[in-house]
Amino acid sequence: MQRVVGWCMSLGVLVRSLTRHGPRTGPRVRRLLDLSTQHIPPHILEDGLHTVSGLVAYSTRYGWLMWIPADPAARAAEQIDPPPAALVAIQRYARRYSCDFVLFDADADTDPHLPLYPQG
């Protein structure tokens, strides 16, 4: 019986691995969380997200596109100069929804689950 249980567990690991990393039949599609720039503290926006240590972010016409690591807290802990806690919290929130990116846009909606910062 133990052999059967062990085999089933091994099969489950293999199936999960193949579905995550196996051959795809189409293009890779990624999820994006659309948020207002009001969720970024103003002192961070002054210089731009691309200047924040430990982040991968690109400027857009009306905001920023930020990449989300697989484990934001672990990645921040690895950094000598980690990103601000406010941005790590947003990354963690985005990961809860399986998002690979956050698009911060001046015209996007705010999210009641995240802090807002008045923009001056």
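Counting begins at 1 with the first residue of the sequence.
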P82: partners by side chain to side chain contact (heavy atoms under 4.5 Å, CB included), with sequence neighbours left out
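Side chain to side chain contact (heavy atoms under 4.5 Å, CB included) check on P82 returns A76, Q79.
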
Just jot down the side chain to side chain contact (heavy atoms under 4.5 Å, CB included) partners of A108, sequence neighbours excluded, or say none.
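A108 satisfies side chain to side chain contact (heavy atoms under 4.5 Å, CB included) with D34, D105 only.
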
Which one of T60, I90, L33 satisfies the side-chain contact (heavy atoms from CB on, under 4.5 Å) criterion with F104?
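Only match with F104 under side-chain contact (heavy atoms from CB on, under 4.5 Å): I90.
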
For R95, salt bridge (charged side-chain N to carboxylate O under 4.0 Å, His left out) partners two or more places apart
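Scan of R95 (salt bridge (charged side-chain N to carboxylate O under 4.0 Å, His left out), adjacent residues dropped) gives D100.
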
Side-chain polar contacts of residues 37-51 - donor-acceptor pairs under 3.5 angstrom, sequence neighbours left out - could you list them?
from: H39; atom 1: ND1; to: P115; atom 2: O; distance (Å): 2.9
from: H39; atom 1: NE2; to: D111; atom 2: N; distance (Å): 2.8
from: T51; atom 1: OG1; to: G48; atom 2: O; distance (Å): 2.7

Give the other cluster members for [X], using side-chain heavy-atom distances under 4.5 Å between Ile, Leu, Val, Met, Phe, Trp and Tyr residues; answer none if it is isolated.
X    : answer
L65  : L32, V56, Y58, W67, F101, L103
L116 : none
V88  : none

Exercise: identify the closest heavy-atom pair between A106 and S36:
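Between these two residues, the closest heavy atoms are O-OG, 4.4 Å.
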
Determine the minimum heavy-atom distance between I68 and A94, stating which atoms define it.
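So the minimum-distance heavy-atom pair works out to CG1-CB, 4.1 Å.
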
Applying salt bridge (charged side-chain N to carboxylate O under 4.0 Å, His left out), which residue pairs with at least one partner in residues 61-79 are found, sequence neighbours left out?
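Qualifying pairs, neighbours excluded: none.
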
Any chain of hydrophobic side-chain contacts (each under 4.5 Å) joining V102 to Y117?
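In one cluster with V102: Y117, no.
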
With clusters defined by side-chain heavy atoms of hydrophobic residues (ILVMFWY) lying less than 4.5 Å apart, directly or transitively, does V29 cluster with Y97?
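No; V29 is not reachable from Y97 via cluster members.
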
Does T110 reach the side chain of L35, with side-chain heavy atoms less than 4.5 Å apart?
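The answer is no, as the side chains (C-beta and beyond) never meet within the 4.5 Å cut-off.
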
